[in-house]
Amino acid sequence: MPSLLGEEIVARINELAAISETPEHLARIYLTPEHRKAADLLLSWMREAGMSAHLDAIGNVCGRYEGEAPDLPCLMLGSHYDTVRDAGKWDGPLGLITAISCVADLNRRGRRLPFAIEVTGFADEEGVRFASTLLGSRAVAGTFDESVLNAHDHAGISMREAMIAFGLNPDHIGAAARARRELLAYVELHIEQGPVLEEKELPVGVVTAIAGATRLAAKLTGMAGHAGTVPMGLRRDALTGAAESITAIEEFCKTDGGGLVGTVGYIDALPGATNVIPGKVSFTIDIRAPTDMHRKRAVADIVRRIEAIAKRRTLALQVDVTHENRTVPCAPWLKEQVAEAVAGEGFPVFELPSGAGHDGMAMIDIADVAMLFVRCRAGISHHPDEHVELADADAGARVLLRLIENFWPREMVQS
Ligand code: GLV
Ligand code: MN
Ligand code: MN
């Protein structure tokens, strides 16, 4: 029987989803006016839940619920509030809103714990705008790469300019960094974004590890020319070179057989006219595999294949790594507590890896990490049809609340 937590969470998921670049397609991209509006709403929910709350130096929303005494180290919960384009409404907000609802529940009961609870809404996990991902959590972990400030979005606006327009000072990003001693652990609840829990008929699952990822930006340069006059054999068409490269990436990943996945999700051809041979093409490549070794080998092989295609077609090739994250294992001591909370709520304990990236990949640099997955319909994510049943949102919340209330810091577990 769902508790009121699930109802509050679903209502808030819908309220937040209404804050979007356009009403038809959910898009809440980092440092846009709608991103700011969402931040303000989240801050108000945090305050209503009994937390002190503020926007940090990179735009993360940060809430803190004090423990039995002031200034205790915290159990940090969180997820992100940016989205991809034409997104689903659960990816990110489910974990964030659930964490706020759990704190609100503790607050209503006047329950204080021997540690503080912090809820962080990370400002940019998806990396849609500035090619580099995990910007919010990297700032918190103190690993933000300042060179990203000079990256430009597709409209030519730099991250530095966008931060200033948003009301943030790009020279103060360092102030968002937290110290390891301030955190007891980082725990994130998230929709599974895959079909496994549904297939197993389970509402929740315990994550074993977050798979690593490499993102590349490829640029092919040929020669633009007249579509009517340059014979086919004399062309240096950058777009057909990209098309062949993209097919080669698909073929390579398809025949791997070991869980390798590769995606070209963005392509731009210039000058971009029907009657002009494309002279310059940029495209992105996202590669993930079950192990870091496997992914690294695959990236090297894929780059070699594209190099060969470019050489045969006399195209210049530039490939830059825009993002690289190793596989992050969830800490056994913490995973055990997630499993106990799952069992405590009467659900079978089932473990699964995360193929998707999450803020824990950055948080691992300052804290042990664990994740709880909630079933989503048909494994659909990064798509408007993404859906979580109210009963499952509620189950996730009850497990998270139980985890919080029974949480033991690592030192106490080991002593
Ligand atoms: C984030 O959603 C990712 O895995 O790309
Ligand atoms: Mn996502
Ligand atoms: Mn996500």
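Heads up: numbering here begins at 1 and tracks the sequence. We count ligands from 1, going down the list as the structure has it; atoms in each ligand are counted the same way.
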Task: Output field: ring centroids Y81/H35 closer than 6.0 Å - done: yes

- [ ] Determine whether Q337 and N406 make a side-chain contact, defined as any pair of heavy atoms from C-beta on separated by less than 4.5 Å.
- [x] no

TODO: Find all atoms of ligand 1 within a distance of less than 4.0 Å from any non-hydrogen atom belonging to R215, and give their numbers and elements.
DONE: 3 (C), 5 (O)

- [ ] Would you mind running through ligand 1 and noting each atom that sits below 4.0 Å from a heavy atom of G357?
- [x] 1 (C), 3 (C), 4 (O)

- [ ] Run the numbers for me: atoms of ligand 1, each under 4.0 Å from some heavy atom of H382, listed by number.
- [x] 2 (O)

Open item on the list: If you take the centroid of each ring, where Trp contributes its six-membered ring, are F283 and Y266 closer together than 6.0 Å?
Closed with: no

Open item on the list: For the Mn ion (ligand 2), give me the closest N/O/S atom belonging to E126, just the atom name.
Closed with: OE2

Task: Ring centers of H80, Y30 separated by less than 6.0 Å - done: no

Task: T240 backbone acceptor or donor facing E244 side chain under 3.5 Å - done: no

TODO: Take every heavy atom of H358, measure it against each atom of ligand 1, and state whether any distance is under 4.0 Å.
DONE: no

Open item on the list: Are M76 and R178 packed together at the side-chain level, in the sense that at least one heavy-atom pair is separated by less than 4.5 angstrom?
Closed with: yes

Task: Q193 N/O under 3.5 Å from ligand 1 N/O - done: no

- [ ] Work out whether the distance between some heavy atom of M361 and some atom of ligand 1 is less than 4.0 Å.
- [x] no

Open item on the list: When you compare ligand 1 with E126, is there at least one nitrogen or oxygen pair between them that comes in under 3.5 angstrom?
Closed with: yes

TODO: Would you indicate whether the side-chain heavy atoms of E21 and L26 approach each other to under 4.5 Å?
DONE: no

Task: Test ring pair (Phe, Tyr, Trp, His ring centres under 6.0 Å) applied to F130 and H154, step by step - done: CA-CA 9 Å; F130 296 109; H154 295 310; 9.7 Å; no

Task: Any N/O pair A356/ligand 1 closer than 3.5 Å - done: no

TODO: Could you tell me which N, O or S atom of D91 is nearest to the Mn ion (ligand 2)?
DONE: OD2

TODO: Mark up the atoms of ligand 1 that fall under 4.0 Å of a heavy atom belonging to R288, in ascending order.
DONE: 3 (C), 4 (O), 5 (O)

Open item on the list: Just to confirm my numbers, could you give the angle made at the Mn ion (ligand 3) by NE2 of H80 and NE2 of H190, rounded to 10°?
Closed with: 110°

